[in-house]
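Here the structure comes first, spelled out in structure tokens, and everything after it is commentary.
Just so you know, these numbers come straight off a predicted model, no measurement behind them. All values below were derived from every heavy atom in this structure, side-chain atoms included, with hydrogens, water molecules and symmetry-related copies excluded. In what follows, chains are A, B, ... by sequence order, proteins preceding strands, each numbered from 1.
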Amino acid sequence: MIQITQNSTNLMGFPFSNLDQNCQDGKKLAKVPFNFGKCKVCKDKATGIHYGIPSCEGCKGFFKRSVEKNEKYVCYFGFKCEITPKQRKRCKFCRWKACLAAGMSFEGIKMGRIPKIEKERARFSIDSSSNENDDDDTPREDASPPINSDSSNSQMVSPVYYSNTNSTDREPQIDTQEQNISFNFFESSSNFFNFQSILDSDLEKNRLIFTILRDRCYQLYIQYTEKYEKQYEKALRVINKIEGSLVNESIPKKVLWENFLKETFDHSKSLYAYAKQLPGFDTLCSDDFLKIINSNIFIMFGLRTHKLFIDGEHYLIHPNNVQFNRNNMYKTIGIDLTNRVLYYHAKLSSLNLTNQEISLLVPFMLTSTKSDFVDPDNIKYMNEYFKQALTYEFSLNKRTSSFISQLAQYLSFTVEINDMAMNLKYVDS
DNA sequence: ATAGCCTTGAAG
DNA sequence: CTTCAAGGCTAT
């Protein structure tokens, strides 16, 4: 359980220089409000220790509202908005991140007065923060003009760790019973998703890293599935008979094949661009990067389009508006592969994965690729981070061990599906 | 929705 | 008792 203690860094760095203001000359002077310095989130005047850190009333309230209402935010300006008293309202996403980065937490709440010893200790640590640039309140130029303020789509990043605000239930519960779950794919012996490893590691330290990984991956995932999100909405309209069926019977096999190639080509191109932006992927040399991409073309296509598999049917719409339904799949990629794909997706959708989970599965799967890489250690290292971020995400969503072993089993299908798809050839018949 | 002010209750 | 942060209230 994460706890902010007296020794915690959250209490370091207060400007306690005016501690004795009220008892100067042995007289009781009029009350001077204690100087808590600047808000660690936005640099405004701090009014006290709120949720573990010196912060202003605004950020205090913002943090509270965010957690209470399980607000979901998204940044439209590039994830690095400056949080100042003037600009803090502009981007909730970055403000929320700043709150976390500064150490705001419900675990850190403390009622009553701060013990003298604690104040003394904090006083000693002033010098550690005195080199902070205190004298510059001018709001820095914000290089994030409000482009694309279309926030109508509701896909946003969840800023909240806690699934609810029930006080006993805030912390992600990691069931120690579930510590030896192996994630058996790619190699039967690999011990993926060992819960113990996350328990052993310093969760408090890594929590922020996981959150940033998660948010970044999620933003990218949403961006690169936008096209399919529209198709999904259309599929729902078709299923609910709001729109007529998409199926255009008797499409020539050759046309279907060309559609398939075009779709695959477009997907590969955007997968390349997508993966380039994933955290850590810029550290891969181009050989390794390409190897990873090429080994995962169809696995990634499956993850990107997973929502288009509904009740055993496929609602992908190819570039020339032809639905790649079961029948057209048969004709294009063969009965065996079609059945495998549909079976895999039926299983996958039974797990009701969240978008956050899928978006972390993407880099996790990519870095799980087995091949002879130039720098295998780097890939292994990245894989470890994504694995832990994913495990953390699972624990937040209260996923059970059977969920994880099922997911592992279903994902293991993808290797063969991918290989089969890569080896497809057009045969005229 | 935000943020300043006020009340409440915990804790030294 | 006092001090303090959380949470409520309410004018913007």
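Note: NE2 (A:H50) to P (C:dA5) measures 7 Å, nearest angstrom. A:M104 places its CE atom 12 Å from the P atom of C:dA5, with the value rounded to the nearest Å. Following rounding to the nearest Å, A:F62 (CZ) and B:dA1 (C1') show an atom-to-atom distance of 10 Å. Here C:dG7 presents its P atom at 16 Å from CD1 of A:I49, a figure rounded to the nearest Å. In this entry the distance linking NZ of A:K45 with P of B:dA3 reads 16 Å, nearest Å. Straight-line distance from the CD atom of A:Q87 to the C1' atom of B:dA3: 17 Å, rounded to whole Å.
Phosphate proximity of C:dG7 to A:Y51: present, with a side-chain N or O under 4.0 Å from OP1 or OP2. Residue A:R65 places at least one side-chain N or O under 4.0 Å from the OP1 or OP2 atom of B:dT2.
Taking A:K291 as the reference, nothing meets the side-chain hydrogen bond (donor to acceptor under 3.5 Å, both in side chains) condition, with sequence neighbours excluded.
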Below 3.5 Å is the cut-off: list the nitrogen or oxygen pairs between protein and nucleotides 4-6 of chain B, distance only.
from	atom 1	to	atom 2	distance (Å)
B:dC5	N4	A:E57	OE1	2.8

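Remark: A:K276 qualifies as a cation-pi partner of A:F289 under the 6.0 Å distance and 45° angle criteria applied to the six-membered ring.
Other residues, nucleotides and ligands contribute more than 12 heavy atoms inside 6.0 Å of the CG atom of A:D282.
Residue pairs meeting the salt bridge (Lys or Arg N to Asp or Glu O under 4.0 Å) criterion with at least one partner in residues 50-59 of chain A, sequence neighbours excluded, are A:E57-A:K60.
For the 3.5 Å distance criterion, the side chains of A:T369 and A:N296 qualify, holding a donor opposite an acceptor. Residues A:S66 and A:Y73 bring a donor and an acceptor atom of their side chains to less than 3.5 Å of each other.
Of the candidate nucleotides B:dA3, C:dA6, C:dG8, C:dG8 has the atom nearest to the side chain of A:K64.
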